[in-house]
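Here is the structure we will look at, set down as structure tokens.
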Amino acid sequence: MNPLNHVAIIMDGNGRWGLKYKKSRNAGHKAGLRTVEKIIKESINKKLKYLTLYAFSTENWKRPKQEINFLFSLLENFLINKLDKLHKKNIKLKIIGIKNFSSKLNKLLIKAEKKTDKNSKLQINLALNYGSKIEIINAIKKLNKSKKKITEKNLTNFFQTKDIPDPDLLIRTGNTKRLSNFLLWQLAYSEIFFEKKLWPAFTERDFNKIIKEFKKIKRNFGNI
Ligand code: IPE
Ligand code: IPE
Ligand code: MG
């Protein structure tokens, strides 16, 4: 049975779910947030150490302004209303991605990270304005400036994920089989599950079914 420490999720399908059931993409984002809460709870039940959630990519800025604004207002409200609860549950929140949002949101994010920094039950890495290619480019620039030797370890020490072990398992919901610029380096040896269900329809049961399958896989890491 494989140990499971770190699950990364591409939470895709909110817009399609919203259009189908509520005639609005934004309603899908709202429903998607309820799935986030369920999966956080279940991650604690499953004794995961890290849960990385792809919430907004560097490419998602291409979307209509009203959708982007709605997404960030959802996040702001979530942080305002749920931070204490997360903290009480001993959850650590870390943002990966470039924090160049409104000053109100930047402040909320920094406050949330600071408040939960010493927590140790589950670390949630929220990938926000995250893009793997820019992360790699920025790390190369820093490594170059540092004059250190070009090695795997020295390079990844400049990644935003530097203190986080690579994901054991990647799940993408929403019936699409691509990585969309998510953790390209870190997923080199992760087990990948593509789930047909749209994110708002994804349940604890679906999550547990995937975990059960994951545990049975023979992971080789190049060995036999
Ligand atoms: C994923 O759902 C959430 C974000 C990118 C913020 P989508 O909004 O991409 O939903 P679909 O793929 O359009 O259905
Ligand atoms: C990936 O979903 C990003 C997030 C879930 C945050 P997208 O819906 O943006 O991916 P593409 O554009 O379909 O590849
Ligand atoms: Mg999508």
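Order of listing sets the numbers, starting from 1, for every ligand and every atom in it.
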Contact check, Thr176 vs ligand 2, heavy-atom distance below 4.0 Å: no
Identity and distance of the protein heavy atom lying nearest atom 13 (O) of ligand 2: Arg178 NH2, 2.7 Å
Whichever hydrophobic residues join Leu184 through chains of side-chain contacts under 4.5 Å: Ile10, Tyr54, Ile96, Tyr130, Leu170, Leu179, Phe182, Leu183, Leu187, Ile192, Phe194
Under 4.0 Å to a heavy atom of Phe56 - the qualifying atoms of ligand 2, by number: 6 (C)
Side-chain H-bond candidate by donor/acceptor type, Asp166 with His6, under 3.5 Å: no
Atom 11 (P) of ligand 2 touched by protein heavy atom at under 4.0 Å: yes
Side-chain ion pair, Glu67 and Arg25, N-O less than 4.0 Å: yes
Protein N, O or S within less than 2.8 Å of the Mg ion (ligand 3), waters excluded: Asp12 OD1
Residue-ligand contact Arg172/ligand 2, heavy atom below 4.0 Å: yes
Under 3.5 Å: N/O of Gly15 near N/O of ligand 1: yes
Pair Asn2-Asp168, side-chain donor/acceptor within less than 3.5 Å: no
Under-4.0 Å heavy-atom contact with ligand 1, by part of Met11 that carries it: backbone
Any donor-acceptor N or O pair under 3.5 Å, side chains Glu42, Asn45: yes
For the student: nearest non-hydrogen atoms of Ala55 and Leu126, plus distance: CB-CD1, 4.1 Å
Within-shell test, Gly174 vs ligand 1, heavy atom, strictly < 4.0 Å: no
Donor on one side chain, acceptor on other, Asn129 and Trp61, under 3.5 Å: yes
Transitive ILVMFWY cluster of Ile98, excluding itself - 4.5 Å side-chain cut-off: Ile134
Side-chain donor-acceptor contact under 3.5 Å, Asn26 with Gln66: yes
Asn14, any N or O under 3.5 Å of ligand 1 N or O: yes
For Arg16, atoms of ligand 1 separated by under 4.0 Å from a heavy atom: 11 (P), 12 (O), 14 (O)
Whether Arg63 lies under 4.0 Å from ligand 2, heavy atom: yes
Proximal atoms of ligand 2 relative to Ile10 (non-hydrogen, under 4.0 Å): 1 (C), 5 (C)
Which residue and heavy atom of the protein sit nearest atom 7 (P) of ligand 1, plus the separation: Asp12 OD1, 3.5 Å
Glu59 with Lys62: basic N within carboxylate O range, under 4.0 Å: no
Presence of salt bridge, Lys115 and Asp84, under 4.0 angstrom: yes
Residue, atom name and distance, where the atom is the protein heavy atom closest to atom 9 (O) of ligand 2: Asn60 ND2, 2.9 Å
Worked verdict on Ser57 versus Asn60 for side-chain hydrogen bond (donor to acceptor under 3.5 Å, both in side chains): CA-CA 5 Å; Ser57 74; Asn60 286 145; 3.1 Å; yes
Heavy-atom gap Ala55 to ligand 1 smaller than 4.0 Å: yes
Within residues 180-207 or reaching into it, pairs that qualify as salt bridge (charged side-chain N to carboxylate O under 4.0 Å, His left out) - sequence neighbours excluded: Glu191-Arg219, Lys197-Asp206
